[in-house]
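Data block below; observations after.
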Amino acid sequence: MLERLLLLWGKYPLDFITYLSSGLPVIVGLFRYKYISLASKFILAFFLFFFAKESFSIYQSILKHNNLYLQNIEILFNILIVLAIGLSSFRSLTWKRLALFLATLCFIFSLFTYQSNAVSSVSLSAYRLFAIFFCLSYFNKIITDMRVKNITKHSMFWFTSGLLIYSTGTFFIMLFSEYWYKDINKVSAEVFDKYWNASQVLFIIFCFFSAHGLWLSKYEQENLI
């Protein structure tokens, strides 16, 4: 098993770097746990779930089992966690109702397009659209509320910035993900790797942004008006 793990590590180093990077927000979040808000606790849960999912995914790869279905399961949890982050961040009843409606639609689409042996481009894309909606809504909230003294010291700014970069950067990649995954005769391994690696790099950036935001949680109260 160790030999198989080392083989996978050597063959897919960026995937393992992404996996390890997802643990950074978890470590920082636990270190700053007494300072973080409810929304930040959901952010911690977001990365904790991803780290656990990736750990099991690697285990499945070692056993040479299909692990693509885990991406579809991950999306269902991600929609719920991002919704929870939004509900704990916004006071507007109108926004909460709209977010619940959109999240429910995305969740239903993801549930009905779930596949046990392949990725679902519908669910992957729907989640990213919902994430983009949340990020843009939060940026608008920061501007209209005018409660943040220094935006670069605001924890949620870094998480939403990272999520927006990741979601927008990977949207079209995931929109055509079934094409990349299914037909190896149409898409060479080299082309697939370029798009896959691009999404991995963007997720690493997302992890570092989120970890930095969680680190700033200690100064959050004095940064709010």
Side-chain angles (χ1 to χ4, degrees), residues 14-33 35-54 71 74-75 77-90 99 102-103 106 123-143 145 147-148 150-175 177 195-220 223-224:
L14 187 58
D15 288 12
F16 279 88
I17 293 174
T18 303
Y19 165 62
L20 295 176
S21 297
S22 68
L24 184 60
V26 175
I27 295 172
V28 174
L30 292 174
F31 187 78
R32 295 290 204 195
Y33 192 79
Y35 301 109
I36 62 178
S37 62
L38 179 59
S40 294
K41 289 177 181 178
F42 284 121
I43 292 173
L44 176 60
F46 179 96
F47 287 101
L48 188 60
F49 174 77
F50 180 87
F51 188 83
K53 186 270 298 183
E54 282 298 293
Q71 292 190 48
E74 177 190 7
I75 292 303
F77 281 91
N78 284 353
I79 292 171
L80 295 177
I81 295 175
V82 171
L83 174 63
I85 294 172
L87 293 178
S88 59
S89 301
F90 287 83
L102 293 176
C106 292
S123 62
L124 293 172
S125 303
Y127 160 64
R128 280 158 177 77
L129 285 176
F130 180 66
I132 292 170
F133 161 76
F134 161 73
C135 293
L136 295 180
S137 297
Y138 195 83
F139 287 140
N140 181 68
K141 177 181 182 296
I142 293 176
I143 295 172
D145 286 355
R147 294 187 63 238
V148 180
N150 187 344
I151 197 172
T152 60
K153 291 184 178 180
H154 184 44
S155 299
M156 283 295 295
F157 166 75
W158 289 100
F159 172 76
T160 50
S161 296
L163 181 59
L164 184 62
I165 291 171
Y166 174 69
S167 300
T168 55
T170 59
F171 175 73
F172 286 104
I173 295 175
M174 296 305 158
L175 185 62
S177 58
Y195 284 97
W196 177 256
N197 291 341
S199 66
Q200 298 292 77
V201 170
L202 289 172
F203 189 81
I204 291 172
I205 294 173
F206 176 33
C207 290
F208 276 90
F209 272 40
S210 300
H212 181 64
L214 290 171
W215 179 260
L216 294 173
S217 296
K218 184 178 180 179
Y219 316 103
E220 191 67 54
N223 190 42
L224 296 175

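Screening residues 36-53 for side chain to side chain donor-acceptor pair (under 3.5 Å), with sequence neighbours left out, gives S37-S40, K53-E74.
The two residues F130 and L83 come nearest to each other via the heavy atoms CE2-N, 3.9 Å. A pairwise comparison of heavy atoms in L164 and L136 identifies CD2-CD2, 4.2 Å as the closest pair. In this structure, A39 and I85 approach most closely via the heavy-atom pair O-CG1, 4.0 Å. Scanning all heavy atoms of the two residues, the minimum distance from L24 to A211 falls at CG-CB, 3.7 Å. Of all the heavy atoms in C207 and S21, the pair that sits closest is CB-O, 3.5 Å. Heavy atoms only, all atoms of each residue included: P25 and L214 are closest at O-CD1, 3.3 Å.
Note that the OG1 atom of T170 and the CH2 atom of W196 stand 10.5 Å from one another [nearest 0.5 Å]. Interatomic distance, CD1 of I43 versus OG of S89, reported as 7.5 Å (0.5 Å rounding). In this structure, CD in E220 is found 13.5 Å from OH in Y35, a value given to the nearest 0.5 Å. With rounding to the nearest 0.5 Å, the separation of CD1 in I151 from OG in S161 is 7.0 Å. How far CD1 of I204 is from OG of S199: 9.5 Å, rounded to the nearest 0.5 Å. From S137, atom OG reaches atom CZ of F90 across 5.0 Å, with rounding to the nearest 0.5 Å.
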Test side chain to side chain contact (heavy atoms under 4.5 Å, CB included) on V148 and K141 and set out the steps. CA-CA 10 Å; V148 180; K141 177 181 182 296; over 6 Å; no
Does F203 form a ring-ring contact (aromatic ring centres under 6.0 Å, His included) with F50? I'd like the steps, not just the answer. CA-CA 11 Å; F203 189 81; F50 180 87; 4.4 Å; yes
Before you tell me yes or no, could you show the steps for T18 and Q200 under side chain to side chain contact (heavy atoms under 4.5 Å, CB included), namely the whole-Å CA-CA distance, both residues' side-chain angles and the distance that decides it to 0.1 Å? CA-CA 6 Å; T18 303; Q200 298 292 77; 3.5 Å; yes
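No side-chain heavy atom of N150 sits under 4.5 Å from any side-chain heavy atom of Y219. Counting heavy atoms from C-beta outward, I205 and Y166 have side chains that stay 4.5 Å or more apart. The closest side-chain heavy-atom distance from H212 to T152 is not below 4.5 Å.
The environment of F208 atom CZ is sparse: at most 12 non-hydrogen atoms of other residues, nucleotides or ligands sit within 6.0 angstrom. The local environment of CZ in F133 is crowded, with over 12 non-hydrogen atoms from other residues, nucleotides or ligands closer than 6.0 Å.
Using cut-offs of 30° and 60° on the angle between ring planes, the pair H154 and Y138 is parallel.
With T160 contributing its side chain and F157 its backbone, the two residues share a donor-acceptor pair below 3.5 Å.
In this structure, F209 has its ring center no closer than 6.0 Å to that of F159.
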